[in-house]
Every structure is written in structure tokens, then in C-alpha cells.
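Only one structure is covered here, and it is reproduced in the block below.
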2 protein chains.
Amino acid sequence: MGHKRATLADVARRAGLSKTAASMVLNGREGTRLSAEAHQRVFAAAEELGYRPNVAARSLRTRKTATIAFVSDIVATTRFAGDLIRGALDAAREHDHVLLIAETQGDVAFEQYAIDAMLDRQVDGVIYAAMATRRLTVPPALLAGPVVLLNATSPEGLPCVLPDDERAGRTAAGALLDKGHRDRIAIIGRNRLKETDPEVSLAAGARLRGIHDALDEAGTSVHREVSCPDWLPEHGYAAMRTLLRRPDRPTAVVCMNDRLAFGAYQALADAGLSVPQDVSVVSFDDDPIAAWLRPGLSTVALPHETMGRRAVELLLDGRAAGPTVVPMSLRRRRSIASPA
Amino acid sequence: MGHKRATLADVARRAGLSKTAASMVLNGREGTRLSAEAHQRVFAAAEELGYRPNVAARSLRTRKTATIAFVSDIVATTRFAGDLIRGALDAAREHDHVLLIAETQGDVAFEQYAIDAMLDRQVDGVIYAAMATRRLTVPPALLAGPVVLLNATSPEGLPCVLPDDERAGRTAAGALLDKGHRDRIAIIGRNRLKETDPEVSLAAGARLRGIHDALDEAGTSVHREVSCPDWLPEHGYAAMRTLLRRPDRPTAVVCMNDRLAFGAYQALADAGLSVPQDVSVVSFDDDPIAAWLRPGLSTVALPHETMGRRAVELLLDGRAAGPTVVPMSLRRRRSIASPA
DNA sequence: CTGTTAGCGCGTTCAC
DNA sequence: GTGAACGCGCTAACAG
């Protein structure tokens with residue numbers, strides 16, 4: 001690949017100057033040390049030869065590769081991984097950097113491999129990403145250089161980027177309160193494990209706190225809460241069915257994520273009820289299905305692209321410490337109405 | 001990053017040998033040239049120092065970086081991008097390689113930037129991926145080194161990896177025929193642009209041919225075909241409604257992708273019809289929603305993970321030319337039954 | 001047989 | 001403005 005590329009020596013020769021001079025000119029060093037004429041000649045030569053520096057050679061001296069490692073636990077599983085990566089990619093490009101990616105699949109051996117591979121390539125820093133917002137422990141090898149955690153925190157208090165799930169909870173509940181819902185708001189998706197183990201999820205507890213706080217402040221409280229073994233459509237379906245079995249049906253439901261909401265929609269349809277006339281629904285994530293549902297699902301969006309971007313900015317900036325919280329905003333669609 | 005790493009010189013010194021000896025031992029060169037004892041000493045020293053070669057330094061001489069560029073048009077938009085990448089990542093790891101990723105966003109300037117950045121880093125080859133199966137023209141700069149197209153072909157006849165959409169079409173139609181559907185099979189998702197412009201889609205035409213061929217061979221033909229401006233749920237919804245307006249309602253429908261099928265499900269539900277008792281549905285892609293729908297949607301899966309894997313295998317193997325076709329298989333769920 | 005010396009590859013940087 | 005060394009690992013040529 002890239003066989004007969006012009007080297008700095010070629011440029012220097014063509015410009016009739018030394019490699020040193022060429023290097024200085026091309027790197028914009030030393031304002032007046034070289035004549036304007038020398039500048040012209042070097043630029044012209046570089047242009048004519050299509051010169052591009054060899055990053056490997058350069059990094060040997062400078063110890064900078066303009067390359068960032070993006071290591072995540074799982075890239076393929078969730079639709080959101082792509083947004084995280086895209087944001088990171090965009091920011092990297094803006095700063096003339098490039099991304100080396102690897103995934104650990106939650107496997108210690110793979111993780112070790114990935115980290116070694118990145119370090120062998122002298123990356124300038126690493127972004128360590130989790131696909132579910134959670135706390136994790138960072139492999140010690142990473143602590144030697146710049147790291148930022150993406151969608152995760154760690155006990156070490158490293159710089160990290162997190163979505164603001166607590167405010168998202170307030171936002172979701174607020175959207176319902178604003179429309180006049182009050183004493184018949186239910187929650188679908190309580191889950192003890194997700195709520196109590198920060199290594200599993202940080203989102204569940206935070207969203208819940210936000211919801212409860214908002215209702216508290218409005219002088220009311222949750223009507224009913226249904227637990228789910230996981231946050232999948234089938235669990236949302238079952239949860240909504242149990243809510244509908246009771247006579248005092250809720251006027252509104254907040255689902256802990258969009259997949260649950262999808263299941264809830266199905267249960268409502270099966271029961272002959274319609275959204276939002278009979279029951280309003282609000283949720284979290286802004287999964288693509290939120291827009292595909294009929295009526296469109298109002299949901300508080302995960303700002304994954306922004307988060308990915310912020311992570312590389314923090315990494316390149318270098319002076320960040322502690323968490324950076326990215327706001328989540330409500331995508332208003334048609335699933336919320338005033339109670340009948 | 002990686003500040004005080006041990007160098008080859010450190011290893012050699014500790015082993016009491018020259019760098020040459022250490023290098024040869026560590027690279028497994030020259031069977032008997034060095035004593036067994038020397039081998040021991042070098043290995044021991046390397047082990048004790050945690051030595052790992054500096055890839056940049058090595059590549060300066062060998063011109064190999066054990067790094068593959070993965071350049072795609074769009075990573076974030078579709079859920080499938082992740083699978084393509086994951087497959088590539090897995091195969092890369094198995095061959096001790098690493099992936100440098102970039103996306104062009106369909107923008108010529110971004111593409112130029114990405115390619116230059118990859119080439120500057122002396123990647124061993126590039127995988128050029130498209131998120132929708134289509135024909136594209138490869139930037140000339142890439143033709144200088146090993147390239148494989150992923151989910152795309154090019155006029156140049158470069159090595160490429162494609163899903164077998166034509167057989168997928170036969171498979172989908174076959175699943176319906178097997179259950180006894182015959183003269184009332186409809187298609188949702190005809191689209192002249194996708195079917196005729198290979199730079200837009202190669203999948204549409206191929207799937208359609210497969211479906212038609214299978215019906216031909218069964219001595220029948222398509223009952224009705226509905227065009228859609230795009231392959232989104234809303235278009236599937238509209239298409240199904242137009243089918244249902246006619247008195248001779250189809251007994252089965254094949255949707256050109258799962259998102260259309262999702263819309264079709266909604267229209268059927270709105271009409272009070274049920275899948276598969278009233279209408280059977282089969283589709284393509286195996287989007288996650290296929291499993292979430294009720295009943296589960298039977299669909300012919302895009303083998304994205306396998307394709308990603310195959311692409312790096314082809315690239316590293318080096319001797320491939322022309323297309324490699326990856327089979328698509330039917331995910332049997334509950335959306336197909338015998339006609340009433 | 002067992003090993004070493006002396007560059008090389010490419011760009012940066014120090015001392016003159 | 002320049003020569004020469006340097007960063008790190010590989011390798012042709014050479015020597016005990």
C-alpha cells in the first residue's frame with residue numbers, strides 16, 4: 001500500500017534545501033528563520049510531489065500518532081453503538097485524528113489483546129466505552145496514558161461522559177404532568193438488579209429518581225410500578241397487561257425504554273385501547289422504532305452522538321477530570337395527550 | 001501513552017546479546033543459527049521486561065502495520081453497520097490485525113480525507129464498505145493497494161463480498177409456496193429506482209428476480225405488486241392498505257424488507273386482520289424488530305457478520321478476485337401459515 | 001555453528 | 001540555513 005510515495009528527502013532535494021529546512025517549513029516552525037523564498041520552494045515541491053508525511057516515521061520521534069483507540073465492550077448488539085462511534089469519528093476528523101477500534105465482548109482475554117494491540121501502535125489515548133451506561137473498572141494498563149470513559153464511570157474518578165438520565169426522568173414525568181396527568185401515572189420496567197448494581201446500569205436508578213422527584217414536586221406520587229426481568233418488548237407487553245387487569249387503569253405510563261414501550265403499545269392494541277386517547281405513553285432512548293410506531297412515541301433521547309464527540313474532545317483537550325454530563329431531550333411525537 | 005516501554009535494545013542488553021540476536025529469536029527466524037541457551041535468555045528477558053515491539057518502528061522497515069482500514073459510507077444510520085464491523089473485527093483479531101475506521105458520509109472531501117489518513121498510516125489494505133448493497137466506483141487512490149469491497153461491487157471487478165439476495169428472494173417465495181400459498185401472493189415494496197439503478201441498490205432487483213423465478217417455477221405468478229417510494233414502515237402501511245381495499249385480498253405478502261413488514265403489520269391490525277391466519281407475511285433483513293413483532297416475523301436474514309468476516313479474510317488472503325456471495329437464510333418465526 | 005556490526009527506513013530536532 | 005544523531009526494530013554482510 002502506498003508504494004512509491006515521495007519522502008521528505010525527495011521534497012528537500014527538489015526544493016534544493018535540506019531535510020531540516022523542509023521539515024521546518026512544512027510544520028510551520030520558526031517564523032522568520034527561513035526565507036520566504038525557501039518557503040515557496042518547499043511548498044511547491046511538496047505540492048508537486050504530492051508529499052504526505054509517513055505517520056509511522058514521524059511518531060517514532062514525536063510519540064504522537066494522531067490516532068485514538070476506541071475500545072468498547074460490545075459494538076454490534078445495540079443500535080446505539082453506531083451513534084457513539086459516529087460522534088467520535090466526526091470529532092476525531094475535525095482534530096485530524098483517526099480511530100482504531102476494538103471490542104472486548106466482555107471477555108478478559110479479548111480485552112487484554114485489544115489493549116496491547118492499541119498500545120503497541122502508540123495510540124495517543126483511549127476511549128473506553130460501555131454500551132449500557134454503567135460503572136466499570138478500568139484495566140490498569142490504560143491508566144498509564146490518557147483515557148476517557150464513554151457512557152461509563154469508574155471508581156478512579158477518571159474523566160467520563162454520561163447522559164443525564166436523572167434529568168431525563170424529570171423530563172419524561174414532566175411531559176405527562178404538563179398535560180394534566182397526575183394520580184394515575186404508572187411505571188413499566190422497574191428492575192432491582194438494574195437499579196441497585198451500578199455495574200449493570202446507572203440509567204435505571206437515575207431515571208427513576210428523576211421521575212419520582214418530579215412527581216413529588218408536583219405533590220403526587222406514582223400510581224403503580226411494574227417490574228420487568230429485562231427491558232425487552234415482551235416484558236413491556238406483559239407489564240402493560242398486568243396494569244390493564246386492574247380496574248383503576250393508569251391514564252399514562254412511563255416506560256423505562258422504548259423497547260418496553262413497544263411491547264406496551266402491542267398490549268394496548270390487543271386490549272382495544274388507543275394511544276394516547278386511552279393511555280399516554282412516554283419513554284426513553286429514541287430507538288428508531290419510536291418513530292415507526294403509530295402513533296409516534298414521545299421519548300427522551302439518548303444523546304449518543306454528542307457523547308461520542310465529547311469523549312474525543314475531552315481526550316484531546318487533556319485537562320478534563322471527572323464526569324461530563326450530556327443533556328437528554330424530549331422528542332415530542334404523538335403518544336401523549338390530556339387524560340380523558 | 002506507553003511511556004517507559006522496554007525496547008528491543010533493553011531485551012538484548014538484559015539477555016547479554018545483540019539486538020540482532022534478540023530480534024531473530026523473537027521473530028522465530030533461522031532455526032539453528034542461535035543456541036538454545038540464547039533463545040532461553042532472550043525469551044526470559046523479554047518476558048521479564050514485558051517487552052512488546054513498537055509497531056511503528058517495525059513497520060518503518062517491513063512496511064506492514066497489521067492494520068486494516070475499514071472505510072464505509074455511513075456507519076451510524078443502519079443497525080446493520082454494527083454487524084459488518086463486528087464480523088470484520090473478529091476476523092481481524094484472529095489474524096492479529098486491527099481496524100482503523102472512517103466514514104465518508106457520502107461526501108467526497110471526507111472520503112479524500114479518510115483515504116489519505118489511512119494511507120498515511122501505512123495500512124496493509126482497505127475494506128471499502130457500503131451500508132446498502134450497491135455498485136460504486138472506488139476512489140483511484142485505493143487501487144494502489146489491496147482492497148476488498150464489502151456489500152458492494154464495482155465496475156473494476158475488484159474482490160467483493162455480497163449477500164445472495166437473489167436466492168433470498170427464492171427462499172422467501174418458497175416459504176410461502178411450501179405452505180400452500182399460490183395465486184394470491186402479493187409483493188410490497190416495488191421501487192423503480194432501487195430496481196434499476198445499481199448504484200442505489202443491488203438488493204431490490206435481485207430479491208425480486210428470486211421471487212418471480214420461484215413463482216414461475218411453481219407455475220404461477222405474482223398476484224399484485226405495490227410500489228413504495230422508500231422502504232420505511234409508513235410505506236409498508238400504505239401499501240398494505242391499498243392491498244386490503246381490493247376484494248381479492250392476498251393470502252400472503254412478501255415485503256421487500258422488515259421495516260415495510262412492520263408497517264404492513266400495523267395496517268393489518270388496524271383492519272382487524274391477523275397474521276398469519278388472515279394474511280401470511282415474509283420479509284428480508286432480520287432487523288431486530290422482526291423478533292419483536294407479534295407474531296414474530298419470518299424473514300430472510302442479511303448475513304452481515306459473516307460478510308464482514310469474509311471481507312478481512314479475503315483481504316489478508318490476497319488471492320481473491322471477483323465476488324464472494326454469502327448465503328442468506330430464513331429465520332422461521334410465526335408469520336407464515338397455510339391459507340384459510 | 002554462533003553471533004555481531006552497521007546501517008536502513010523516514011521525519012524530527014539539536015548543535016553549529 | 002545545515003549536518004548528524006535519534007527513535008526502534010529489521011536485516012545484509014561479516015567474523016570468530
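Side chains included, hydrogens not; waters and symmetry mates left out as well; all remaining heavy atoms used. Residue numbers start from 1 in every chain, and the chains themselves are labelled A, B, ... in the order their sequence lines are given, proteins ahead of strands.
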Atom [atom1] of [X] and atom [atom2] of [N]: how far apart are they, to the nearest Å?
X	N	atom1	atom2	answer
Leu49(B)	dC8(D)	CG	P	14 Å
Asp10(B)	dG9(D)	CG	C1'	12 Å
Asn54(A)	dC8(C)	CG	P	17 Å
Arg13(B)	dC8(D)	CZ	P	11 Å
Gln122(A)	dG7(D)	CD	P	14 Å
Arg63(B)	dC10(D)	CZ	P	15 Å
Leu17(B)	dT2(C)	CG	C1'	10 Å
Leu26(B)	dT11(D)	CG	C1'	15 Å

NZ/NE/NH1/NH2 to OD/OE distance under 4.0 Å, [X] and [Y]:
X	Y	result
Glu103(A)	Arg93(B)	no
Arg13(B)	Asp10(B)	yes
Asp120(B)	Arg5(A)	yes
Glu37(B)	Arg41(B)	yes

Sugar-phosphate only, base, or nothing, as touched by Ala22(B) at under 4.0 Å among non-hydrogen atoms
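No contact.
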
Students often get this wrong, so: under 4.0 angstrom with heavy atoms, is Ala38(A) touching a base, only sugar-phosphate, or nothing?
sugar-phosphate

Donor + acceptor pair across side chains of Asp124(A), Thr65(A) (<3.5 Å):
yes

Do Arg121(B) and Thr67(B) have a side chain donor and acceptor closer than 3.5 Å?
no

Among dG11(C), dT2(C), dG9(C), which nucleotide sits nearest the side chain of Thr7(A)?
dG11(C)

Between the protein and nucleotides 12-16 of chain C, which nitrogen or oxygen pairs are less than 3.5 angstrom apart?
{"from": "dT12(C)", "atom 1": "OP1", "to": "Arg58(A)", "atom 2": "NE", "distance (Å)": "2.6"}
{"from": "dT12(C)", "atom 1": "OP1", "to": "Arg58(A)", "atom 2": "NH2", "distance (Å)": "2.9"}
{"from": "dT12(C)", "atom 1": "OP2", "to": "Ser23(A)", "atom 2": "OG", "distance (Å)": "3.1"}
{"from": "dT12(C)", "atom 1": "OP2", "to": "Asn27(A)", "atom 2": "ND2", "distance (Å)": "3.3"}
{"from": "dT12(C)", "atom 1": "O2", "to": "Arg61(A)", "atom 2": "NE", "distance (Å)": "3.2"}
{"from": "dT13(C)", "atom 1": "OP2", "to": "Arg29(A)", "atom 2": "NH2", "distance (Å)": "2.6"}
{"from": "dT13(C)", "atom 1": "O4", "to": "Thr20(A)", "atom 2": "OG1", "distance (Å)": "2.9"}

Leu60(B) vs Glu37(B), nearer the 5' end of DNA chain C by closest nucleotide
Glu37(B)

Do Asn54(B) side-chain atoms and Thr7(B) backbone N/O form a donor-acceptor pair below 3.5 Å?
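No; judged by distance alone, with no hydrogens or angles, the pair does not exist.
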
